[in-house]
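For reference, the structure discussed in these notes is given below.
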Amino acid sequence: MMLKKFYKFIILPYTIFLLYLMFFGMGRLQYEDNIVRIKPIVSTIWFIQETISWLDIIRIVLGNVVMFIPFGFLGWIFPQLKKLKSLIITFVSAIVIVEALQYFSRLGVFDVDDVLLNTFGVFLGWQIKRVLEPRFSKFIVE
């Protein structure tokens with residue numbers, strides 16, 4: 001199977017699914033107020049301390065990283081995003097817009113930790129791509 005073709009086919013529906021989760025998924029209701037969390041790491045530590053269920057902690061914190069790993073492979077579709085710096089700048093710009101939309105729609109919270117965790121997921125994806133490409137080049141063809 002050619003991974004790049006599969007990736008090109010799946011990344012748009014995956015992105016739409018992720019946006020659905022970010023705005024409407026997991027029983028999300030519209031907040032009464034617009035909420036901003038701008039102290040990095042603090043809200044995640046608070047969330048971990050206030051959450052009884054380790055499953056919820058893993059699902060939210062790890063999910064914010066793992067769900068964004070596929071975006072580390074965007075260089076396969078957009079050659080200008082092959083370099084880590086351009087990928088991260090582009091991704092952070094996009095995720096800040098999404099977080100702002102969550103804030104203004106009150107269908108979520110503008111959370112700096114989400115931006116950091118999501119960006120870390122993209123970084124991990126880029127690292128995975130960098131390691132896999134030379135080893136599995138025959139499976140990654142166009």
Side-chain angles (χ1 to χ4, degrees), residues 1-31 33-137 139-142:
M1 178 169 74
M2 291 155 227
L3 284 176
K4 282 187 183 180
K5 283 187 179 182
F6 176 74
Y7 181 80
K8 287 177 183 179
F9 175 75
I10 202 73
I11 194 64
L12 181 60
Y14 181 78
T15 302
I16 292 167
F17 169 71
L18 211 52
L19 287 169
Y20 168 79
L21 288 179
M22 293 172 80
F23 286 94
F24 307 107
M26 299 179 282
R28 191 179 301 262
L29 300 171
Q30 194 169 33
Y31 289 95
D33 300 308
N34 299 73
I35 301 171
V36 178
R37 295 187 188 131
I38 55 172
K39 292 181 180 174
I41 314 304
V42 173
S43 63
T44 299
I45 291 169
W46 176 85
F47 171 76
I48 290 170
Q49 289 173 340
E50 296 298 313
T51 303
I52 297 165
S53 166
W54 277 101
L55 186 61
D56 285 345
I57 292 168
I58 292 166
R59 186 172 54 95
I60 301 295
V61 176
L62 213 60
N64 267 320
V65 174
V66 172
M67 296 292 284
F68 288 85
I69 288 174
F71 295 104
F73 293 77
L74 282 172
W76 282 353
I77 299 173
F78 304 105
Q80 64 272 28
L81 299 180
K82 284 186 187 215
K83 289 192 168 37
L84 180 61
K85 184 178 177 182
S86 58
L87 175 65
I88 295 297
I89 289 169
T90 302
F91 178 78
V92 168
S93 301
I95 201 65
V96 165
I97 290 169
V98 170
E99 291 287 322
L101 289 170
Q102 284 185 313
Y103 169 80
F104 287 117
S105 68
R106 296 191 322 266
L107 290 169
V109 174
F110 187 105
D111 194 336
V112 171
D113 283 3
D114 286 352
V115 174
L116 293 172
L117 291 167
N118 299 163
T119 304
F120 183 64
V122 172
F123 171 74
L124 283 178
W126 185 85
Q127 291 290 358
I128 292 167
K129 179 180 81 69
R130 200 172 61 91
V131 169
L132 291 181
E133 280 179 335
R135 290 186 174 101
F136 299 97
S137 58
F139 298 106
I140 300 176
V141 294
E142 292 295 323

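Only this structure's heavy atoms are used, side chains among them; waters, hydrogens and symmetry mates stay out. Predicted, not measured: the structure shown is a model, and the values here were computed from it.
Here Ile95 contributes atom CD1 and Gln102 contributes atom CD; the two are 7.5 Å apart, rounded to the nearest 0.5 Å. Separation of atoms NZ (Lys82) and CD (Gln80) is listed at 10.0 Å; rounding is to 0.5 Å.
The shortest non-hydrogen separation linking Met22 to Phe68 is SD-CZ, 4.1 Å. When every heavy atom of Trp126 is checked against every heavy atom of Lys83, the shortest pair comes out as NE1-C, 4.2 Å. Contact detail for Val115 and Thr119: the closest heavy-atom pair is O-OG1, 2.6 Å.
In this structure, the side chains of Phe23 and Leu101 come closer than 4.5 Å at one or more pairs of heavy atoms. Side-chain contact between Tyr103 and Glu99: absent, with no pair of heavy atoms (C-beta onward) separated by less than 4.5 Å.
Ring geometry for Phe71 against Tyr14 counts as tilted: the plane angle lies between 30° and 60°, on a 0 to 90° scale. Tyr7 and Trp76 have perpendicular rings, their planes meeting at more than 60° on a 0 to 90° scale where under 30° would count as parallel.
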Note to self: Working note: Thr15 + Leu19, criterion side-chain contact (heavy atoms from CB on, under 4.5 Å); need CA distance, chi angles, decisive distance, verdict.
What the structure shows: CA-CA 6 Å; Thr15 302; Leu19 287 169; 4.2 Å; yes
Next item on the list: Please test Arg130 against Leu84 for side-chain contact (heavy atoms from CB on, under 4.5 Å), starting from the C-alpha separation and ending with a verdict.
Entry: CA-CA 10 Å; Arg130 200 172 61 91; Leu84 180 61; over 6 Å; no
Note to self: Determine whether Met2 and Phe6 satisfy the following criterion, side-chain contact (heavy atoms from CB on, under 4.5 Å), listing intermediate values before the conclusion.
What the structure shows: CA-CA 6 Å; Met2 291 155 227; Phe6 176 74; over 6 Å; no
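Among the candidates Ile69, Asn64, Asp111, Leu18, the single residue satisfying the side-chain contact (heavy atoms from CB on, under 4.5 Å) test with Asn118 is Asn64.
The list of side chain to side chain donor-acceptor pair (under 3.5 Å) pairs with a residue in residues 86-96, not counting sequence neighbours, is empty.
Listed by chain and number, the residues in a side chain to side chain contact (heavy atoms under 4.5 Å, CB included) with Ala100 are Phe104, Phe110 (sequence neighbours excluded).
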